[in-house]
J.: 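Below: one structure in structure tokens.
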Amino acid sequence: MAVASTSLASQLSAQFSGLRRSSPKLDHSQSQSLFQHVQSHIRLSSSRKGCRGVVAMAGTGKFFVGGNWKCNGTKESITKLVSDLNSAKLEADVDVVVAPPFVYIEQVKNTLTDRIEISAQNSWVGKGGAFTGEISADQLNDIGCKWVILGHSERRHVIGEDDQFIGKKAAYALSQGLGVMACIGEKLEEREAGKTFDVCYQQLKAFAGKFLDAVPSWDNVVIAYEPVWAIGTGKVATPVQAQEVHVAVRDWLRKNVSAEVASKTRIIYGGSVNGGNSAELAKQEDIDGFLVGGASLKGPEFATIINSSADYKAQLKSTAINFQLFLFLLPILLILFMASYSTSWRFNFPLWRQEHDPKQRAGASPLGVAILVVVLLVLLSYQSSFHSKWFGPLWRTG
Ligand code: PGA
């Protein structure tokens with residue numbers, strides 16, 4: 001249901017974020033048939049939860065936070081970071097993954113709590129062999145790595161990897177059972193030229209296209225939207241800027257893959273996320289988590305980011321309580337209303353009966369009806385004002 005709301009939401013959000021929305025240049029006739037083909041290869045697990053109308057986030061319904069340690073750390077600093085993470089109190093309902101440099105993976109694996117999974121920061125495009133300096137997905141599997149980050153902007157723009165190469169890597173990693181954090185994102189000049197969506201769609205298409213080869217499942221894919229201009233710059237995208245791209249990505253998945261994949265796939269945001277801005281970003285409906293660089297090197301701050309969905313969940317909980325209150329009040333109001341029609345009920349309640357004619361059977365007073373309608377409207381708008389993921393999608397289906 002939330003997916004149906006995304007196109008409307010994207011139209012609305014594009015109006016106020018200042019992002020020029022150039023019309024997607026994807027050839028839909030082509031991509032439809034490509035993705036219909038993909039769809040037939042995708043095994044979708046119907047047993048998984050994750051309906052966006054019921055849970056806070058898409059995907060498994062769990063918030064997802066990845067820590068990308070990049071080329072940072074020493075044995076000593078990593079020992080400290082791991083110990084901070086081990087002693088941190090982490091929200092149970094969040095998937096947490098860290099990506100140490102290859103050479104420290106073993107150290108981290110041996111010392112870090114099982115609560116946190118381990119990712120690599122890259123993997124080779126296919127099976128291992130004579131590829132000096134590379135690490136294959138098979139080897140990552142062998143040492144117990146569950147995830148790999150692919151398509152990171154530093155690999156794209158510093159190392160020079162292109163869409164095709166990255167798509168191939170993703171297909172191979174998925175075929176080996178690894179989860180893939182598939183990174184996409186535009187450069188500043190692309191954003192300024194109004195090409196944000198085009199760039200993201202193009203990168204998504206490259207990831208998705210290669211899935212044809214590997215018969216993978218989207219269940220193992222987390223999409224990380226990381227605007228290049230926000231990475232390591234301290235210039236975080238505003239919640240509105242991030243949300244509008246996430247909505248567009250989800251909409252793209254819905255149009256080009258399937259509504260189910262669009263609904264389940266977690267779309268996380270990366271780019272200067274820190275302990276101070278994560279809670280605000282986490283409130284956005286289509287932000288299902290974060291990929292964190294610099295701030296993931298500080299254990300306590302990373303824990304704050306991991307727990308940043310908690311505030312929002314508290315709000316959802318209060319929305320749920322309000323919804324229960326609404327359900328509780330509704331029959332009472334209806335009974336009172338019905339009472340006004342009954343001559344056998346000896347209420348002479350002026351709001352509900354017309355005083356001037358107490359024998360009239362259908363005697364609800366206009367004031368009584370008006371009060372009933374106002375109470376219902378207030379309750380309804382109170383619910384929807386939370387922008388509730390729990391309840392809001394019920395009427396945000398436009
Ligand atoms: P940053 O990096 O949080 O340091 O901006 C994010 C990333 O590169 O994934």
Side-chain angles (χ1 to χ4, degrees), residues 63-73 77-78 81 84-85 94-102 104-105 108 116-123 145-161 166 169-170 173 179-188 190-191 196 199-200 203-204 207 221-239 241-242 245-246 249 266-282 284 287-309:
F63 207 68
F64 182 105
V65 179
N68 178 7
W69 296 357
K70 308 192 179 182
C71 188
N72 290 299
S77 71
I78 284 174
L81 180 50
D84 286 348
L85 291 174
V94 181
D95 282 339
V96 186
V97 177
V98 292
F102 283 126
Y104 299 115
I105 286 180
V108 174
I116 301 177
E117 292 188 328
I118 295 177
S119 171
Q121 296 175 18
N122 184 29
S123 63
C145 242
K146 297 267 189 287
W147 291 88
V148 61
I149 299 172
L150 293 173
H152 191 278
S153 69
E154 284 145 18
R155 304 270 342 154
R156 290 178 189 272
H157 305 303
V158 181
I159 317 288
E161 294 184 1
I166 293 163
K169 283 184 173 194
V180 170
M181 287 179 247
C183 303
I184 59 169
E186 81 289 358
K187 293 195 266 188
L188 184 59
E190 290 166 336
R191 172 165 280 261
T196 296
V199 170
C200 291
Q203 293 170 348
L204 278 173
F207 274 118
V221 179
V222 168
I223 295 172
Y225 168 59
E226 301 204 296
V228 181
W229 48 271
I231 293 180
T233 57
K235 233 197 254 174
V236 64
T238 65
Q241 284 174 321
V245 179
H246 284 227
V249 168
R266 287 172 289 182
I267 305 171
I268 64 176
Y269 168 79
S272 297
V273 174
N274 60 39
N277 58 29
S278 56
E280 224 27 58
L281 287 159
Q284 296 298 316
I287 296 184
D288 303 321
F290 301 116
L291 184 53
V292 187
S296 71
L297 298 169
K298 298 166 215 152
E301 185 168 9
F302 190 54
T304 302
I305 296 168
I306 291 165
N307 295 337
S308 61
S309 63

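This structure is a prediction, so every number in the text was calculated from the model and none was measured. As the structure lists them, so they are numbered: ligands from 1, and atoms in each ligand from 1. Residue numbers start at 1 and run along the sequence shown.
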J.: Under a 4.0 Å heavy-atom limit, does S296 contact ligand 1 with its side chain, its backbone, both, or neither?
T.: neither
J.: Measuring from atom 8 (O) of ligand 1, which candidate in E154, K235, H152 has the nearest non-hydrogen atom?
T.: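 Residue with the shortest heavy-atom distance to the ligand atom: H152.
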J.: Given salt bridge (Lys or Arg N to Asp or Glu O under 4.0 Å), test D95 with R266 step by step and report yes or no.
T.: CA-CA 11 Å; D95 282 339; R266 287 172 289 182; 2.7 Å; yes
J.: Atom 9 (O) of ligand 1: which protein heavy atom is closest, and how many Å away?
T.: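 Minimum-distance protein heavy atom for atom 9 (O) of ligand 1 reads E226 OE2, 2.6 Å.
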J.: Return yes or no for this condition: an N or O of T233 is under 3.5 Å from an N or O of ligand 1.
T.: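 N/O-N/O distance below 3.5 Å does not exist for this pair.
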J.: Any chance NZ of K146 has more than 12 other-residue heavy atoms, nucleotides or ligands included, within less than 6.0 Å?
T.: no
J.: Roughly how far, to the nearest 0.5 Å, is NZ of K187 from CD1 of I231?
T.: 12.0 Å
J.: Looking at A230, which atoms of ligand 1 are within less than 4.0 Å of one of its heavy atoms?
T.: 5 (O)
J.: Within less than 4.0 angstrom of ligand 1, does G232 place any heavy atom?
T.: yes
J.: May I ask you to test the L188-V228 pair for a side-chain heavy-atom distance under 4.5 Å?
T.: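 No - every pair of side-chain heavy atoms lies 4.5 Å or more apart.
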J.: Could you pull out the closest heavy-atom pair between C200 and E186, with the gap in Å?
T.: SG-OE1, 4.3 Å
J.: I need the atoms of ligand 1 closer than 4.0 Å to a non-hydrogen atom of N68, numbered in the order shown.
T.: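 Matching atoms, with element in brackets: 9 (O).
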J.: Which ligand 1 atoms are under 4.0 Å away from a heavy-atom of G294?
T.: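 The list of qualifying atoms is 1 (P), 3 (O), 4 (O).
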J.: For G271, counting its heavy atoms only, list the atoms of ligand 1 lying under 4.0 Å from any of them.
T.: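 Heavy-atom distances to G271 below 4.0 Å select 5 (O).
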J.: So which heavy atom in the protein is nearest atom 6 (C) of ligand 1, and how far is it from that ligand atom?
T.: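 For this ligand atom, the closest protein heavy atom is G293 N, 3.5 Å.
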J.: Tell me whether the rings of Y269 and H246 are parallel (<30°), tilted (30 to 60°) or perpendicular (>60°).
T.: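 Judged by the thresholds at 30° and 60°, the geometry between Y269 and H246 is tilted.
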J.: So how far is it from R156 CZ to L150 CG, rounded to the nearest 0.5 Å?
T.: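 It is 9.5 Å, given to the nearest 0.5 Å.
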J.: Are F64 and W147 close enough, and set up right, to give a ring-ring contact (aromatic ring centres under 6.0 Å, His included), and what steps lead you there?
T.: CA-CA 12 Å; F64 182 105; W147 291 88; 5.0 Å; yes
J.: Show me which atoms of ligand 1 lie under 4.0 Å from any heavy atom of I231.
T.: 2 (O), 5 (O), 8 (O)
J.: Check contact between C183 and ligand 1, using heavy atoms of the residue and a distance below 4.0 angstrom.
T.: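 No.
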J.: Tell me whether ligand 1 is touched by G270 - counting only heavy atoms on the residue side and a distance under 4.0 Å.
T.: no
J.: Which residue owns the protein heavy atom closest to atom 2 (O) of ligand 1, what's the atom, and how far is it?
T.: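 I find the closest protein heavy atom is K70 NZ, 3.3 Å.
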J.: Any donor-acceptor pair under 3.5 Å linking the side chain of N277 with the backbone of S272?
T.: yes
